[in-house]
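Input: a single structure, listed below in structure tokens.
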Amino acid sequence: MPGKNLSRDEAQQRASILAVDGYQVRLDVTSAPDPAAATFRSTTTIAFRCTEPGASTFLDLLAPTVRSVVLNGRALDPATAFDGARVHVDGLAAENVLVVDADCAYSRTGEGLHRFTDPVDGETYLYTHYEPADARRVFADFEQPDLKAPFTFTVAAPAAWDVRSNAVHERVTDEGAARVWEFAPTQPISTYLTAVVAGPYHVARDHYSRVLPDGTTLEIPLSALCRKSLAPYFDADEILGVTKLGLDFFHEEFDYPYPFGKYDQAFVPEYNIGAMENPGCVTFREEFIFRSRVTDAAYESRANVILHEMAHMWFGDLVTMRWWDDLWLKESFADFMGSYALIGARTRYSGAWVTFANQRKAWAYRQDQFPTTHPITADIRDLEDAKLNFDGITYAKGASVLKQLVAYAGSEAFFEGARRYFKRHAFGNTELTDLLDILEETSGRDLKSWAATWLQTAGVNSLTPQVTVDSEGRITELALLQDGETLRPHRIAVGLYHRDADGTLVRTERIELDVTGARTVVAEAVGRARPALVLLNDDDLTYCKIRFDAESLETLRTGLGDIRSDLARALAWSAVWNLTRDSLMPAHDYVALVLRFAGQESNIGVLQSLHQQARSAVDLYADPAWRGEGGRLLADGALRELRAAVPGSDHQLAWARFLAQTASGSEHLGLVRGLLAGTARIDGLDVDQELRWSLWLALAVAGQATDEELAEELKADHTASGKRQYTECLAARPTAEAKAAAWSAVVDSDELPNALVEANIAGFAVPAHRDLTALYAAPYFKLLERVWAERTIEIAMRIVGGFFPRAQTSEQTLAEVDGWLDGHPGAAPALRRLVLECRDDLARALSAQACDRG
Ligand SMILES: [Zn+2]
């Protein structure tokens, strides 16, 4: 499709001559409940100015049909003006009114206006998701963040529906079987931030008010929405409780009143991402509503996302990046604020920085070691680049670097900077320098060189301690060695840990210092008794991989679980995982650490990460000859810890899930079947619906679930979630037919919604079935370019990443990948980037396997 991929140059050119005064968008979705209706009517009226009268420009629109285009009263022929992706208009006046009347398509992929039918009650639900550039699937627009404008939405919908948008509705009128919702104009916002949520949603309402410094009272109506059939599980009080704590906190810190009126939070079906910060109308994936028991880590994660999106109301919505190069200006900040506010707003999730160290940083380290990594401020040439940049660098590394900035410049300077930034750039667009200038004002520090090394270069540093001691065991020198392509200034803490009387590893000294260059000596450590453990980057202030001296590593081997501090233990776990991934510790040894100490791990989020990483260690990084035994060891460990766990605890549930993920022998599978049938019981373990599906998946993978049994389970749980998990179970059966059916359902048709694409891929790609899926490697490479050209980018990304033959860890697969890369130098850069990243994972696995063989 010509021009589907908007470039930065085109956007700059357009912004240089245009300013938008306002959009009026009228959508008619009364046809939505009829599955045969593929489209809805979309009429956009745009008032805009042009500094070069006579010039031409284009609007963005991805629609099956354009009915009419009228510029300043002059009708243009849609057949020539519309090319499938753009509406071309010429002869612009200084002041223009353009009307585009189109039929747009309901989406199945979560991009644009997504339509979902609930299998429970047949009800239809709609919601929009646009970032970075899918508003053009719903109305004609100038699809770029820096052409902000007020939007006035009017939506005609079935009469029984509730309809929400960014602003409050001003009027609702009945027109026959339809009801027309007219919304107030929004503040000036970017196209990707507009939103419509429509359907017979269940709504919980609340209210927030606050006296502002000027004595006036700010009133914010709150609501939380979900599908009717999920209402029995909807803990809206908990969600709205976190929301109010967040509003208190951000008003205190940011000193800028929430600018978007009301605050709706809609939990929507088949959502591609975690959540989206549409001003006044935030959308979340509905998996955040828990139908079955989940661990506290899931509640913490949801609260983090609620606060992340709320931070965006200021970082992102009020002040927005000019183009996607500076996506980090909102995502790094919101990601940092999600954790910061969990603690600052006094939610009950006081371990937020442990989770951050454990999960967000793992994401960043992984991404930052790909050959495709990039500086935090990226070079984003076009929309395809932009789409791939919602990654571990922009979010997690950016947030880590902001955490380091707070340690480096001080939190007062940081937040005073934020306050000035909002006031100075409200409703505008910014770039890196706009922020740096302000932070230099508030911190009094030169941040140009800091930014040059931290924001404008890629890659992660490693810090290694070098300890020398005298004959009495006293430190004569503690030096820190820094590796990496760019050596950076790090503000860090060094922890010295000794064993106390009962064997616990406790910190006896904390030394904070600046690390610069390749070698830094910790003068303060001289003369201290040699500790059992030297922990660099203690308290996780900076962003780096940490290594250990030999004696500290030996302490971890025998006593990692004895470290008292949750955060220090999480850092140690993270470090040994990095050692494993870097082929510096055999996967056997990592698995042994998990088997030995995971049972002692009190932090539930860390425990769940260990489960995931231990499986990857066995599936990908261990000597293939040992895989079978490694898997059995994990399952044995899971069973042992499941039986030992406190009845009814989160830990018990986590170990039960881990057993389901690792069960392979007859003893484990027998217990799985017994739990499902009710003939076996674990005291305190509630085998609820989600756990049942995990157990069925274990049987399906082992070839021990019959089609009738799976169909029976679906009948008992005929819900959206049940359908997804049933689909995954079918694809996860160990037969050639099951794999062929899953492959074909995804590749040969675009009928499946995003959620079922994902379920089929997950079931297909079970690592244990590598022999069955091996023959799909060759077809995979053949279909890449076709998939990239024909499918929406969201679905194409899933197919490219999900069907990559990652379980085929062999030199031959590596050669096949290289063959494709060499043979397709002209493939879309975003597609090549995805394949290069998968290749890097594969090469890493091969190297780790060699290390594990010894
Ligand atoms: Zn975000």
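Order of listing sets the numbers, starting from 1, for every ligand and every atom in it. Counting begins at 1 with the first residue of the sequence.
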Please tabulate, for side-chain N and O atoms in residues 243-250, each donor-acceptor pair with protein atoms closer than 3.5 Å (sequence neighbours left out).
{"from": "Thr243", "atom 1": "OG1", "to": "Ile239", "atom 2": "O", "distance (Å)": "2.7"}
{"from": "Thr243", "atom 1": "OG1", "to": "Gln265", "atom 2": "NE2", "distance (Å)": "2.8"}
{"from": "Lys244", "atom 1": "NZ", "to": "Asp206", "atom 2": "OD1", "distance (Å)": "3.3"}
{"from": "Lys244", "atom 1": "NZ", "to": "Asp206", "atom 2": "OD2", "distance (Å)": "2.8"}
{"from": "Asp248", "atom 1": "OD1", "to": "Tyr208", "atom 2": "OH", "distance (Å)": "2.6"}
{"from": "Asp248", "atom 1": "OD1", "to": "Arg210", "atom 2": "NH1", "distance (Å)": "3.1"}

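- For a distance bound of 2.8 Å, the N, O or S atoms of Asp335 include none lying that close to the Zn ion (ligand 1).
- Taking the six-membered ring for Trp, Phe336 and Phe414 have ring centres closer than 6.0 Å.
- The atom of Glu331 that is an N, O or S and sits closest to the Zn ion (ligand 1) is OE1.
- Closest to the Zn ion (ligand 1) among the N, O or S atoms of His308 is NE2.
- Residue His312 approaches the Zn ion (ligand 1) most closely through its N/O/S atom NE2.
- Ion pairing of Lys387 with Glu794 is present here, as a side-chain N (NZ or NE/NH1/NH2) and a carboxylate O approach within less than 4.0 Å.
- Tested against His374, the residues Thr457, Asp368, Asn389 include a single side chain to side chain donor-acceptor pair (under 3.5 Å) partner, Asn389.
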